[in-house]
Amino acid sequence: MNRPISKEAVKRALSAHAAIGLLASALLYLVCLTGTLVVFFEEWQRIEQPAAPEMAVIPPEAVQSAVETVLASEKGKPATRHLYVHLPTEALPRATITTDHQAVHLDADGAVIMPEEIAWSDFLLALHYRLNMPAIVGMTIVGALGAMIVALAISGVIAHPRIFRDAFRLRARDRGGIALSDWHNRLSVWTLPFSVAVALTGALIGLASFTGYGMASGFYGGDVEAVYAPVFGGEPEIAGGDAGVPDVVPALQMMERDFPRAIPYYVTLHEPLTAQQHVQIVAEHPNRLIFGEYYNFDAAGRYLGKAGLADGQLGQQLAASTYNLHFGNYGGLAVKFAYFAFGLALCAIIATGVYIWLAKRRRRGIDNPRIRNVWDGVVWGMPLALTVTFLVRLTVGNDAPLMPVFWCATALILVAAMALAPRWKVRAPLQILLIAGVIACCAWLAAI
Amino acid sequence: MDLSLQLVWAGSACAVVGVMALRLAWGLPRRSVAANMAGWLLMLLGSVLAATGHGAWGLAVSTLALMAAAALCLLYAAAISPRGSAHATNRRVHLLPEEGEPLGLGRRLATLALTVPLAMAVSLILAVAARGLAARAGWHEADANVLGFLLMPLLWAVIAVWLLMARARRRQGLILLIPALAGGAALLAAIAT
C-alpha cells in the first residue's frame, strides 16, 4: 500500500520542524511562558494592588464626576488625547481612569482614591506583546514567532505520519528518549487546536502593522488608519461642537436602556475638551468571542452609531474575535484555567523539543553539555527571572526597574549556565530556586 | 438556561464522549473502522451542536472541553504506562555539523534569509494581492482587509515549511519566485483597476 506521505518527505519535514523549533526556541518559550501567565492579567492586577477599591457597578453620575475631577486636575499640562474609564467587570471589579498623564482608581461614588500601581502586570504584558522592545518592532517579532508556531504545527504533522494513530500512546516510563518523544508528540497533537488558534491569532495581531503598511501602500495611499477603518470603524463625523467636559451620563443610560444585553466595560473620551471630542463605549456581548462592540456618541451623549463588530461584516466579527481567542478571556475563570494548562503544555512541548534534539545527538556520540546547560537555563531560568521581578515589585514598589531586572537576571543565568558546564549542571539548582521564589512570593502576599 | 447554551453544553459533552470513544476504539486489539468513525463523528457532532448554539464562542468552548478530556486520557495513559526498553530514533536533522563536518555557515545563513525575510516579503505580496483581488471580486472592504491580515502569517508558515523541505537551492528559489511573480502581477492588476 502506498504511504500518504513518502519516507523522504517525512525526513525532510522532521528536519524543517527541528530547524524552525531550534532556531526560535528560546524566544518561543519566553513568549509562550509569558502568554500563559498573562491569561490572568486581571487577577495579577488585583494581586499587585490589593487595596484598590472594588465594586460591582459604578453609577453613570459617579463616572461623570470622576471624569470632571481628573480633567480638572490636568489643567496646565499638555491636553490628553484620550481619557479611558475602565468600568467594573466580573474579572476586574475596579473603576479606573487613565489619561496620557496618569491612571487613578475611583470608588463607587466617583471619588479619586489612589493611583493605579500595576507595573508588574504591565511589564508582563509588554514582555509578551513585544519582548519589551519598541512597539512595532517587538510586535512584529512576536507575530513572526506566532507564524513559526503555525509552521511547527504543519511540519510536525507531516513529520509524524502516525501522530493521530498513536494519539493515546504515552510510554511515560520508557527510557532511551521514548518517553520524552511521546510527551512531546502527544501533547502536541491534543493541543493542536489550541496551539494553532493562539499562534495564528497572535501572528495576526503581531504582524498587523507590517501587513497594514503593505495594504496601505497598495490601496490607501499610505494611510494606515484607512486600512483599519472599515474593520473597527473610523472616526465619527463631529460637527465642531462644544469644548466643555463631555457628558457620559446620557450615553451610559442609553446603553442600559437600549442595549440591555451589552455590558459596557470601557468609556473612551477621544480628544477631550476640544471641538472634535466624542465618546465611545466598548461593551461586551456575553457568549460571543468578540472583545466587544464600539458604540459612538457625541460630547452631549447623543448616539451616533456602532462599528459593527458584533453584527457587521464577517471580517469585522473575525477581527474582533482574535483578541479573546488569543488571550482566553471569553468564559470566565474556567476558560482561563484551561488556557493556563494548555499554555503550560505548549511550554513543555517547546522545552522537550530541544531536549529531544540534544538527546539524539548524545545517543549518536555528540554530547553538548554547554548547550544542554544553557537550555536548562532558558527552561527554568526564565520563570525564575520572572519570579525575581515579581519579588522586586513586591519589595521595592511600583517604580522598581522590572525590565532591566528581568533581562539582567536572564543573561546572568544563561552566562552562568554556559560557564559552569560541563562540571556543574544548573537544572536542579534553578528548579530549587524557582520553588523557593514562588514560596517567597506567596508568603509575602499572605503577609500583606 | 436558554436553548443556545444547552446546545453548547450538549456539544461539549458530545466532544468529551467522542474522545473517550476514540480512546476505546484505538485501544481495541484489532482496528475497528466503525468504532473509530463513532469517535470522530461524536466529536464532529459536538462541534456542530456547540457552533449551532453560540457560533464561534460555542465552538471554542466545546474544543476546550475536547482537549481537556484528551489531556485526562493522556494523564491516565502516563500513570499506567509500564516500564519499557524501546529506543527512540537517532535520526539527524542537520541543524549542527557532526564531528569533522564543516560548519557551512554561509549555507545556513542563506537558508535563514530565504525562510525569514524573503518568505515574509513574498507572503506579504501574496496577502496584499489576495486583498486586492477579493475587493475587485466585490467583497466588502472589511472582509477583504481581514483576509489580507489573516493570509499573511498563514502563507508565511506554509512557505517556510515548503522551503525547508526543499533541499535544492534552485527549487527553493522557484518556491519564492513563482508566487512572488504571480502575486506581484495580481497586485498590479488589482491596483490598476
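Letters A, B, ... are given to chains in the order of the sequence lines, protein chains preceding strands, and every chain is numbered from 1. Computed from a prediction, not measured in an experiment: that's the story for all the values here.
Proximity to chain B at a heavy-atom threshold of 4.5 Å picks out A/Ala338, A/Tyr339, A/Phe342 from residues 338-346 of chain A, in numerical order.
Of the two parts of A/Ser209, neither the backbone nor the side chain holds a non-hydrogen atom closer than 4.5 Å to a non-hydrogen atom of chain B. For A/Ala229, no part sits under 4.5 Å from any heavy atom of chain B, backbone or side chain. For B/Leu112, the part lying under 4.5 angstrom from a heavy atom of chain A is the side chain only. With a 4.5 Å cut-off on non-hydrogen atoms, B/Leu5 touches chain A through its side chain but not through its backbone. Residue B/Ala79 touches chain A through its backbone alone, counting heavy-atom pairs closer than 4.5 Å. If you measure heavy-atom distances from A/Ile158 to chain B, the contacts under 4.5 Å come from the side chain alone. With a 4.5 angstrom heavy-atom cutoff, B/Met152 touches chain A only via side-chain atoms. Interface residue B/Val19: backbone and side-chain heavy atoms are both found under 4.5 Å from chain A. Looking at A/Met215, both its backbone and its side chain come within 4.5 Å of chain B, counting heavy atoms on both sides. Neither the backbone nor the side chain of A/Phe337 comes within contact range of chain B, judged by heavy atoms closer than 4.5 Å. Only the side chain of B/Leu187 comes within contact range of chain A, with at least one heavy atom under 4.5 Å from a heavy atom of that chain. In this structure, the portion of B/Leu124 lying under 4.5 Å from any heavy atom of chain A is its side chain and not its backbone.
Note on A/Arg362, A/Arg169, A/Arg288: by heavy-atom pairs under 4.5 Å with chain B, the leading option is A/Arg288. Across A/Ser217, A/Gly212, A/Pro230, the residue that shares the most heavy-atom pairs under 4.5 angstrom with chain B is A/Pro230. Most heavy-atom pairs under 4.5 Å with chain A, from the set B/Thr63, B/Leu163, B/Val116, B/Leu74: that is B/Leu74. In terms of non-hydrogen atom pairs under 4.5 Å with chain B, the most contact-rich of A/Ala167, A/Gly146, A/Ser321 is A/Ala167. Annotation: maximal heavy-atom pairing with chain B below 4.5 Å, among A/Ala208, A/Gly206, A/Gly143, A/Gly331, occurs at A/Ala208. The candidate with the highest count of non-hydrogen atom pairs below 4.5 Å against chain A, out of B/Trp162, B/Tyr76, B/Trp156, B/Trp139, is B/Trp156. Ranked by heavy-atom pairs under 4.5 Å with chain B, the first of A/Thr322, A/Val231, A/Val335, A/Leu204 is A/Leu204. Of the listed residues (B/Gly53, B/Ala60, B/Gly58, B/Ala77), the greatest number of heavy-atom pairs within a distance under 4.5 Å of chain A belongs to B/Ala60. The greatest number of non-hydrogen atom pairs below 4.5 Å with chain B, out of A/Leu180, A/Val150, A/Leu318, A/Val227, is found for A/Val227.
Taking the side chain as every heavy atom from C-beta outward, B/Met67 and A/Pro193 approach each other to under 4.5 Å. The shortest distance between side-chain heavy atoms of B/Pro153 and A/Leu207 falls below 4.5 Å. A/Phe168 has its side chain within reach of B/Leu22: a pair of non-hydrogen atoms, C-beta onward, lies under 4.5 Å apart. Looking at A/Arg12 and B/Leu164, their side chains never come closer than 4.5 Å, going by heavy atoms from C-beta outward. Annotation: side chain of A/Gln316 is not in contact with side chain of B/Val146 (no heavy-atom distance under 4.5 Å). Taking 4.5 Å as the limit, every side-chain heavy atom of A/His17 sits out of range of all side-chain heavy atoms of B/Val161. Taking 4.5 Å as the limit, every side-chain heavy atom of A/Tyr213 sits out of range of all side-chain heavy atoms of B/Val128.
When all heavy atoms of B/Ile80 and A/Arg173 are compared, the closest pair comes out as C-NH1, 4.2 Å. Counting all heavy atoms, side chain and backbone alike, B/Gly132 lies closest to A/Phe219 at CA-CZ, 3.4 Å.
Heavy atoms from other residues, nucleotides or ligands lying under 6.0 Å from CH2 of B/Trp26 number more than 12. Enclosure of atom CZ in B/Arg169 by more than 12 non-hydrogen atoms of other residues, nucleotides or ligands within 6.0 angstrom is indicated. Counting heavy atoms of neighbouring residues, nucleotides and ligands inside a 6.0 Å radius, atom CD of A/Glu225 does not exceed 12 of them.
Here A/Arg186 contributes atom CZ and B/Leu75 contributes atom CG; the two are 14.0 Å apart, rounded to the nearest 0.5 Å. Atom CZ of A/Phe232 sits about 10.5 Å away from atom CG of B/Asn145, to the nearest 0.5 Å. Residue A/Leu289 holds its CG atom at 8.5 Å from CG of B/Leu59, rounded to the nearest 0.5 Å. Atom OG of A/Ser15 is separated from atom CE of B/Met165 by 9.5 Å, given to the nearest 0.5 angstrom. Note that the CG atom of A/Leu170 and the SG atom of B/Cys73 stand 11.5 Å from one another [nearest 0.5 Å].
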Evaluate the criterion side chain to side chain contact (heavy atoms under 4.5 Å, CB included) for residue pair B/Leu150 and A/Leu200; output intermediate values, then yes/no.
-> CA-CA 8 Å; B/Leu150 188 64; A/Leu200 194 56; 4.3 Å; yes

Show the numbers, then the answer: is there a ring pair (Phe, Tyr, Trp, His ring centres under 6.0 Å) between B/Phe149 and A/Tyr228?
-> CA-CA 10 Å; B/Phe149 282 122; A/Tyr228 295 99; 5.5 Å; yes

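By the side chain to side chain donor-acceptor pair (under 3.5 Å) test, A/Arg372 is found to be paired with A/Asp367, residues two or more places apart in sequence or in another chain being considered.
No side-chain N or O of A/Thr211 forms a donor-acceptor pair with one of B/Arg131 less than 3.5 Å apart.
Although no hydrogens or angles enter the test, the distance criterion places a donor-acceptor pair under 3.5 Å between the side chain of B/Trp57 and the main chain of A/Tyr330.
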